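One is the number of the first residue; the rest follow in order along the sequence. These numbers come from a predicted model, not from an experiment.
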Amino acid sequence: MNRIREAAILAFGMIVLGWFVKSGIDNFSNKDRKVTVKGLAEREVKADKVTWSISTNEMGNDLPTLYESVSTKTGKIKTFLKQNGIEDSEITVKPPSVNDLESNQWSENRKNFRYIINTTLTVCTQKVELVNKAIFQQAELLKQGVAVESSYPNYEYVSFQQMKPEMMEEAIKNAQKTAEQFAVASDSKLGKIQTAGQGQFEIDDRDENTPYIKKLRVVTTVTYALDD
């Protein structure tokens, strides 16, 4: 009788142990079932900041005369910029720099002049459209006898921080759509998010001809659990 009771207890224990082992295996298997997907969000925006430099040179032998000429040209450039809607506070004038071609004893100055004076005006503003307009009207300076060396303007989009939350939300939603499609294809249900990357933001020119139009792009990586 005792042997029968012991055998029954042992059999029951084996059943319970088997159930726990199976449950543990199932849980371990479900724990490893996951899918990692990427979500993308893109925008095209106009640049909201521009930096543009304009330089002018004078060459000759008499420094006071050259300085006076450079000052006159600088004044004409400033007037041109202000006529195109740029304010004094948005214009920085670099002090004139002098290059003495005869100051280097190893140089051979075969030119008809000794000095080159250079000065640069830099515009830094959020008035992107006004600067673009001024760039196309630089010929007005030539009519006034002002030859300028203009650098390529540098366009920026500094307001992207305000768009980050919205674009991140869109990227995560796109990642979720992809994960849901995978879950359906694998006969599973999409579970909770296990891990999610903050997303990498990129700001590039849309193309080389319109650098004042920027392309914003964010890619985020999200890992979801898969349930039966």
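- A donor atom on one side chain and an acceptor atom on the other are found under 3.5 Å apart for Thr36 and Thr223.
- Here CG of Leu63 is found 5.5 Å from CD1 of Ile117. Values are rounded to the nearest 0.5 Å.
- Here the side chains of Arg43 and Lys215 are not in contact, with every heavy-atom distance at 4.5 Å or above.
- With rounding to the nearest 0.5 angstrom, the CG atom of Leu226 is 11.0 Å from the CG atom of Asp187.
- In this structure, Ser188 contributes its side chain and Val184 its backbone to no donor-acceptor pair below 3.5 Å.
- No donor-acceptor distance shorter than 3.5 angstrom exists from the side chain of Asp205 to the backbone of Asp207, with no hydrogens or angles considered.
- A pairwise comparison of heavy atoms in Gly197 and Thr220 identifies O-OG1, 2.9 Å as the closest pair.
- Residues Cys124 and Glu90 fail the side-chain proximity criterion, which asks for heavy atoms closer than 4.5 Å.
- Across all non-hydrogen atoms, the minimal contact from Ala179 to Leu190 is CB-CD1, 3.7 Å.
- How far OG1 of Thr120 is from CD1 of Ile54: 9.5 Å, rounded to the nearest 0.5 Å.
- Other residues, nucleotides and ligands contribute over 12 non-hydrogen atoms within 6.0 Å of the CD atom of Glu42.
- When side chains are defined from C-beta on, Leu216 counts as touching Val45, because their heavy atoms get closer than 4.5 Å.
- More than 12 heavy atoms of other residues, nucleotides or ligands sit less than 6.0 Å from atom CD of Glu202.
- For the residue pair Val131 and Thr125, the shortest heavy atom distance occurs at CG2-CG2, 3.6 Å.
- Ser151 places a side-chain N or O within 3.5 Å of a backbone atom of Ser53 that can act as its donor or acceptor partner.
- Put simply, the side chain of Val50 does not reach to within 4.5 Å of the side chain of Glu156, judged on heavy atoms.
- Here the CD1 atom belonging to Ile135 is positioned 11.0 Å from the CD atom belonging to Gln137, to the nearest 0.5 angstrom.
- At distances below 3.5 Å, not a single donor-acceptor pair connects side-chain atoms of Thr210 with backbone N or O atoms of Tyr212.
- Open room surrounds CD on Gln126; 12 or fewer heavy atoms of other groups in view lie less than 6.0 Å from it.
- Put simply, the side chain of Ile203 reaches to within 4.5 Å of the side chain of Phe160, judged on heavy atoms.
- Here the side chains of Leu141 and Thr56 are not in contact, with every heavy-atom distance at 4.5 Å or above.
- By the side chain to side chain donor-acceptor pair (under 3.5 Å) test, Lys76 is found to be paired with no residue, residues two or more places apart in sequence or in another chain being considered.
- Residue Phe201 forms a side-chain contact (heavy atoms from CB on, under 4.5 Å) with just one option from Met163, Met167, Arg217, and that option is Met167.
- Residues Ile77 and Val148 meet the side-chain proximity criterion, which asks for heavy atoms closer than 4.5 Å.
- Between Gly85 and Lys127, the closest heavy-atom pair is O-NZ, 3.1 Å.
- We find the CD-CD distance between Glu166 and Glu170 to be 7.0 Å, quoted to the nearest 0.5 Å.
- Counting only N and O atoms by type, the side chains of Asn154 and Thr51 include no donor and acceptor under 3.5 Å apart.
- Ion pairing between a basic and an acidic side chain is recognised when a charged N comes within 4.0 Å of a carboxylate O; Lys73 and Glu58 show such pairing.
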Discussion item. Run Glu44 and Arg206 through salt bridge (Lys or Arg N to Asp or Glu O under 4.0 Å) and show every step you take.
Written reply: CA-CA 8 Å; Glu44 281 190 4; Arg206 186 183 66 177; 3.6 Å; yes
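- Here OG1 of Thr178 is found 9.0 Å from OH of Tyr224. Values are rounded to the nearest 0.5 Å.
- Contact record, Asp48 with Val128: C-CG2, 3.9 Å, taken as the closest heavy-atom pair.
- Sorted pairs that involve residues 34-87 and meet ring-ring contact (aromatic ring centres under 6.0 Å, His included), not counting sequence neighbours, are lacking altogether.
- The closest donor-acceptor contact from the side chain of Ser69 to the backbone of Thr65 lies at 3.5 Å or more, if one exists at all.
- Listed for the Lys214 side chain is a donor-acceptor partner under 3.5 Å among the backbone atoms of Tyr155.
- Under a 3.5 Å cut-off, the side chain of Thr119 and the backbone N or O of Lys94 do form a donor-acceptor pair.
- Gln176 and Glu180 share a side-chain donor-acceptor pair at under 3.5 Å.
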Discussion item. Evaluate Lys173 against Glu169 for salt bridge (Lys or Arg N to Asp or Glu O under 4.0 Å), listing each step before the verdict.
Written reply: CA-CA 6 Å; Lys173 286 182 178 179; Glu169 182 180 355; 3.5 Å; yes
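- Residues Asp88 and Lys78 meet the side-chain proximity criterion, which asks for heavy atoms closer than 4.5 Å.
- With respect to the salt-bridge test (charged N to carboxylate O, under 4.0 angstrom), the residues Arg114 and Asp100 qualify.
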